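All ligand and atom numbering here is 1-based and tracks the order in the structure. Bear in mind the structure is a predicted one, so any value in this text is a computation, not a measurement.
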Amino acid sequence: MTRLEELLATWIPMQRWFAGKGVPVDAVRIESEHVLVPGAPGLRMLVVAVGQRSRTDRYQVLLGLRTPDAIGDELAHAVIGLCAPPPDLGGRAPVVAYDAAHDASMTTHLLERIAEDADGGPVRFRRTSGSTVRTGLRSLVLTGEQSNTTLVYGEEYVLKTFRRLWPGRNPDLELTSALAAAESDYIARPYGWIETDLVDPDTGAAVPTTLAMLQKYLRSATDGWVLAATSVRDLYASPGVPPGDAGGDFAGEAERLGAATAAVHRDLSRALPTDVLGPRSQARMAGGMVARLHAAVAEVPALAPHADALYSAFEALGEVDTDLPVQRVHGDYHLGQVVRTDTGWVLLDFEGEPAVSVRERQRLSSPLRDVAGMLRSFDYAARYQLIGHPENDALAESARAWAQRNRDAFCEGYAFGGGVDPEKHQVVLRAFEYDKAVYEVMYEARHRPGWIGIPLDSIMALTR
Ligand SMILES: Nc1ncnc2c1ncn2[C@@H]1O[C@H](COP(=O)(O)OP(=O)(O)O)[C@@H](O)[C@H]1O
Ligand SMILES: O=P(O)(O)O[C@H]1O[C@H](CO)[C@@H](O[C@H]2O[C@H](CO)[C@@H](O)[C@H](O)[C@H]2O)[C@H](O)[C@H]1O
């Protein structure tokens with residue numbers, strides 16, 4: 001490993017977006033390194049391969065290089081370490097490598113390049129046809145529990161830089177662009193993207209791979225998770241009061257969110273391929289859920305006592321004998337992926353589950369999968385504030401009632417908005433809900449062990 005690779009081997013696993021938490025890093029290799037802007041050799045895009053046991057993942061690092069005296073306090077938190085300068089920079093004195101996402105004097109170039117629709121050699125900057133992009137704006141990095149890194153430029157744009165790279169066009173760009181073409185009111189308008197070619201290990205072919213996506217910044221947006229959490233907090237402050245009577249009832253919002261979700265599903269089904277799964281294909285889908293369950297039990301033994309009950313829910317999906325319409329869906333739908341603006345709900349982050357390949361995320365699925373994701377999120381919102389709460393037992397019934405009320409409202413809104421009636425597809429919905437809960441158990445085990453009780457408790461309720 002070069003000195004820079006050694007530094008990255010320590011730095012990458014500490015980042016929130018690192019997907020391989022809990023498994024030692026065996027090898028780090030810089031697969032490619034490109035200067036992004038002519039005349040700014042201190043800004044580079046690296047594709048870094050990180051080897052962990054049998055897996056190798058690729059990550060994007062926007063690398064900044066400066067002399068030590070040019071690193072001010074504002075960049076201290078972004079420093080990766082001191083390394084030898086790359087040959088094209090000249091000189092022999094060590095330079096400081098840092099995460100350039102935090103350097104507004106560098107990220108401003110990215111916006112300019114997108115505005116110019118520039119071909120920067122192996123890295124291509126693209127502006128969405130028919131749009132103009134304002135330049136000269138300074139960026140700030142959004143803080144929060146993110147799988148990627150999002151920059152906000154002024155109050156105009158967000159640039160989402162994808163950290164873990166999978167060869168191919170990112171579904172977030174693909175679906176957002178399709179919905180924009182359908183003139184959907186429920187997305188943040190895309191303005192452009194950055195891409196490079198990566199070799200797909202399955203086919204050996206180099207394919208255009210999305211590195212970042214530029215979208216309209218929604219100034220008036222409030223996170224759905226924050227709104228729901230506020231409603232739950234109000235309810236906990238009035239013990240014994242039914243959720244519909246407590247201040248800050250969320251059911252009206254949940255219903256409108258259901259309707260917005262149905263509208264997005266309708267537009268996706270018109271814009272992109274659809275299919276209908278017969279019993280055999282449904283059994284195969286159920287088989288995928290069972291395989292995921294086995295993998296989760298191997299990783300989190302606390303799931304083992306509930307495996308039979310989960311298995312029965314998946315088996316029931318395999319035995320449904322009516323056809324199941326499938327289409328492109330959001331794929332990782334929860335309250336943190338939707339924002340309430342002054343004109344209504346907007347859906348974000350159509351990337352799908354960040355832990356699986358782009359090809360898998362492009363697979364058609366039932367829209368009920370997204371419905372199930374959001375229902376799981378109501379469960380999370382209702383119960384996460386009970387973790388370590390002294391009145392945990394007394395508030396558990398309020399939590400259950402809040403989740404039920406908002407589930408019902410969301411499902412009603414979804415059916416009213418033109419989606420299938422979730423109430424009439426209980427077996428399918430239940431299988432998707434438990435499949436998501438199994439995914440969440442693994443997600444929490446890797447990222448937030450203190451929260452693992454939330455999905456585990458929901459799974460336990462199945463076996464009670
Ligand atoms: N266009 C936007 N306007 C305003 N806020 C946004 C926008 N896009 C993303 N955000 C904020 O950033 C958060 C993370 O964005 P998201 O696309 O879900 O990233 P990740 O895949 O890393 O989780 C969202 O929950 C939202 O609060
Ligand atoms: O980073 P992403 O937003 O793409 O999604 C991942 O992280 C989510 C947590 O930030 C995780 O969602 C789980 O926790 C949410 C509360 O923080 C909850 O609303 C969701 O229902 C629950 O699944 C998501 O699963 C994961 O893919």
* If you count the atoms of ligand 1 from 1 in the order shown, which ones are under 4.0 Å from a heavy atom of Ala188? -> 1 (N)
* To do: Consider every N or O of Asn148 and every N or O of ligand 1, then say whether any pair is closer than 3.5 Å.
  => yes
* Structure fact -> With heavy atoms and a 4.0 Å threshold, my read on which part of Asp223 contacts ligand 1 is side chain
* Could you verify whether a donor N or O on one side chain and an acceptor N or O on the other, from Thr149 and Arg163, lie under 3.5 Å apart? => yes
* Less than 3.5 Å between some nitrogen or oxygen of Trp225 and one of ligand 2, yes or no? -> no
* Quick one: look at Gln337 and ligand 2, take heavy-atom pairs under 4.0 Å, and tell me if it's side chain, backbone, both or neither. => side chain
* To do: Enter the distance from Asp172:CG to Gln215:CD here, rounded to the nearest 0.5 Å.
  => 6.0 Å
* Structure fact -> Going by the 4.0 angstrom heavy-atom rule, the piece of Glu351 near ligand 2 is neither
* To do: Give a yes or no answer on whether the side chain of Thr209 reaches the backbone of Val207 with a donor-acceptor pair at less than 3.5 Å.
  => yes
* **Part of Leu142 within contact of ligand 1 (heavy atoms, under 4.0 Å)** => side chain
* To do: Could you tell me which non-hydrogen atom of Val329 sits nearest to which non-hydrogen atom of Ser366, and how far apart they are?
  => CG1-O, 3.7 Å
* If you measure every N/O of Ser147 against every N/O of ligand 1, is any gap under 3.5 Å? -> yes
* Give yes if a backbone or side-chain nitrogen or oxygen of Lys216 is under 3.5 Å from a nitrogen or oxygen of ligand 1, and no if not. => yes
* Structure fact -> Within 4.0 Å of some non-hydrogen atom of Ser147, the atoms of ligand 2 are 1 (O), 2 (P), 4 (O)
* To do: Consider every N or O of Leu218 and every N or O of ligand 1, then say whether any pair is closer than 3.5 Å.
  => yes
* Side-chain donor-acceptor contact under 3.5 Å, Arg376 with Ser458 -> yes
* Ion pair Asp197/Arg124, N-O distance below 4.0 Å -> yes
* Asked: Gln337 heavy atoms, cut-off 4.0 Å: which ligand 1 atoms fall inside?
  -> 18 (O)
* Asked: In Å, rounded to the nearest 0.5 Å, how long is the span from CG of Leu151 to CG of Leu142?
  -> 8.0 Å
* Close N or O approach (Asp349, ligand 1; < 3.5 Å) -> yes
* **Check ion pair Glu195-Arg169 (N to O, under 4.0 angstrom)** => no
* To do: Compute the minimum heavy-atom distance from Glu440 to ligand 2 and say whether it is under 4.0 Å.
  => yes
* To do: Would you check if there is a donor-acceptor pair between the side chains of Thr210 and Asn170 at a distance under 3.5 Å?
  => no
* Does a side-chain N-to-carboxylate-O contact under 4.0 Å join Asp332 and Arg361? -> no
* Structure fact -> Nearest heavy-atom approach of Ile114 to Ile194 is CD1-CG1, 3.9 Å
* Search all heavy atoms of Lys21 against all heavy atoms of Gln15 and return the closest pair with its distance. => NZ-O, 3.0 Å
* When you look for heavy atoms under 4.0 Å from ligand 2, do you find them on the side chain of Tyr439, its backbone, both, or neither? -> side chain
* At their closest point, which heavy atom of Ala229 faces which heavy atom of Gln385, and how far apart are they? -> O-NE2, 3.2 Å
* To do: Identify, by atom number and element, the atoms of ligand 2 in contact range of Lys436, meaning under 4.0 Å from any of its heavy atoms.
  => 23 (O)
* For Gly336 and ligand 1, does the shortest N/O to N/O distance drop below 3.5 Å? -> yes
* Structure fact -> Correct closest heavy-atom pair for Val264 and Tyr186 would be CG2-CB, 3.6 Å
* Asked: Is it true that Glu74 and Arg138 have a side-chain N and a carboxylate O under 4.0 angstrom from each other?
  -> no
* Structure fact -> Tyr217 heavy atoms within 4.0 Å reach ligand 1 at atoms 3 (N), 4 (C)
* Has Met374 got any heavy atom lying under 4.0 angstrom from an atom of ligand 2? -> no
* Flag Arg448 as yes when one of its N or O atoms lies below 3.5 Å from any N or O atom of ligand 2, and as no otherwise. => yes
* Proximal ligand 1 atoms for Glu351, defined as those under 4.0 Å from one of its heavy atoms -> 21 (O)
* Structure fact -> Nearest non-hydrogen contact to atom 24 (C) of ligand 2 from the set Asp332, Ile454, Asp379 belongs to Asp332
* Quick one: look at Met442 and ligand 2, take heavy-atom pairs under 4.0 Å, and tell me if it's side chain, backbone, both or neither. => neither
* Any N or O of Lys160 closer than 3.5 Å to N or O of ligand 1 -> yes
* Enumerated ligand 2 atoms positioned under 4.0 Å from heavy atoms of Asp349 -> 4 (O)
